[in-house]
Amino acid sequence: MGFFSDFKASLMKGDVLSLATAVVIAGAFGKIVGSAVDDIIMPIVGLITGGIDFTQKFITLDGNSYADLPAAKAAGAAVITYGNLVQAIINFVIIAFFVFVILRAAEKAKKKEVVVVAAPAGPTQEELLTQIRDLLKK
């Protein structure tokens, strides 16, 4: 029974519960960020780039020309899908910016909440030594 009680005690520690909560919240936050990127930001990027679908950009290594990526893959051609890399980079930059904005707002909100109470200043080391010297003289 010692193993299970140790396991239960380990699970009930604050750090593990905080980590589990963070994982659940991160999963939900990931869906929010993904939706914001896919449903709001990427249509704007598509409008700016003229509707280019980067995931369909590729280079065939066999020298032949294909109408689109599925046709090249169906023919068994070796392809470099550089468009997927471009799309991933664009998504990363957008998501990183989105997370930066949210974290910055959270930090600003946290700074407003924190009220620093200054501790009363005590005597300096020199003052203490002076007091000790004066007491020893008496």
Side-chain angles (χ1 to χ4, degrees):
M1 199 68 180
F3 174 78
F4 290 111
S5 62
D6 289 346
F7 182 66
K8 180 181 175 185
S10 173
L11 285 180
M12 298 312 285
K13 286 184 182 176
D15 295 340
V16 174
L17 293 175
S18 296
L19 179 62
T21 303
V23 168
V24 170
I25 290 174
F29 183 72
K31 289 181 182 180
I32 292 171
V33 171
S35 176
V37 169
D38 294 339
D39 301 333
I40 297 172
I41 297 172
M42 284 312 291
I44 296 170
V45 171
L47 182 65
I48 292 171
T49 61
I52 296 174
D53 183 9
F54 289 107
T55 60
Q56 295 300 314
K57 299 295 182 184
F58 65 96
I59 298 171
T60 58
L61 298 178
D62 63 0
N64 294 331
S65 191
Y66 298 96
D68 56 5
L69 184 58
K73 287 188 176 185
V79 293
I80 296 175
T81 54
Y82 69 90
N84 288 337
L85 177 63
V86 171
Q87 186 71 36
I89 291 170
I90 290 171
N91 286 348
F92 173 77
V93 169
I94 292 169
I95 290 170
F97 178 73
F98 193 81
V99 169
F100 168 75
V101 169
I102 289 176
L103 289 177
R104 186 172 179 200
E107 284 297 318
K108 284 186 178 182
K110 184 187 282 186
K111 286 180 183 176
K112 290 179 183 177
E113 292 176 3
V114 175
V115 177
V116 178
V117 177
T124 64
Q125 185 176 1
E126 288 81 15
E127 292 171 341
L128 289 174
L129 289 173
T130 304
Q131 289 175 2
I132 292 170
R133 183 197 64 204
D134 294 341
L135 289 172
L136 288 173
K137 281 183 181 179
K138 291 181 183 177

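Remark: Y82 OH is packed, more than 12 non-hydrogen atoms of other residues, nucleotides or ligands lying under 6.0 Å away. The 12-atom threshold is not exceeded at CZ of F97, counting heavy atoms of other residues, nucleotides or ligands nearer than 6.0 Å. Within 6.0 Å of the CD atom in E127, the count of heavy atoms belonging to other residues, nucleotides or ligands exceeds 12. Environment of CZ in R104: sparse, with no more than 12 heavy atoms of neighbouring residues, nucleotides or ligands closer than 6.0 Å.
Here the rule is side-chain contact (heavy atoms from CB on, under 4.5 Å) with I132, and of T130, L136, L135 only L136 fits it. Remark: of the listed residues V23, V24, I25, I25 is the sole one forming a side-chain contact (heavy atoms from CB on, under 4.5 Å) with T21.
Rounded to the nearest 0.5 angstrom, I94 CD1 and I89 CD1 are separated by 12.0 Å. A distance of 7.0 Å separates CD1 in I32 from CZ in F29, rounded to the nearest 0.5 Å. A distance of 12.5 Å separates CG in N84 from NZ in K57, rounded to the nearest 0.5 Å. Within the model, atoms CD of Q87 and CD of Q56 stand 10.5 Å from one another, a figure rounded to the nearest 0.5 Å.
The cluster map of Ile, Leu, Val, Met, Phe, Trp and Tyr, joined by side-chain heavy atoms under 4.5 Å apart, puts V101 and I40 in different clusters. In terms of hydrophobic clustering, with Ile, Leu, Val, Met, Phe, Trp and Tyr side chains grouped at heavy-atom distances under 4.5 Å, I102 and F92 are assigned to different clusters. Both V86 and I95 belong to a common hydrophobic cluster when Ile, Leu, Val, Met, Phe, Trp and Tyr are linked at side-chain heavy-atom distances under 4.5 angstrom.
Shortest non-hydrogen contact noted between V79 and F58 is CG1-CD1, 4.0 Å.
By the side chain to side chain contact (heavy atoms under 4.5 Å, CB included) test, D62 is found to be paired with T60, N64, Y66, A77, residues two or more places apart in sequence or in another chain being considered.
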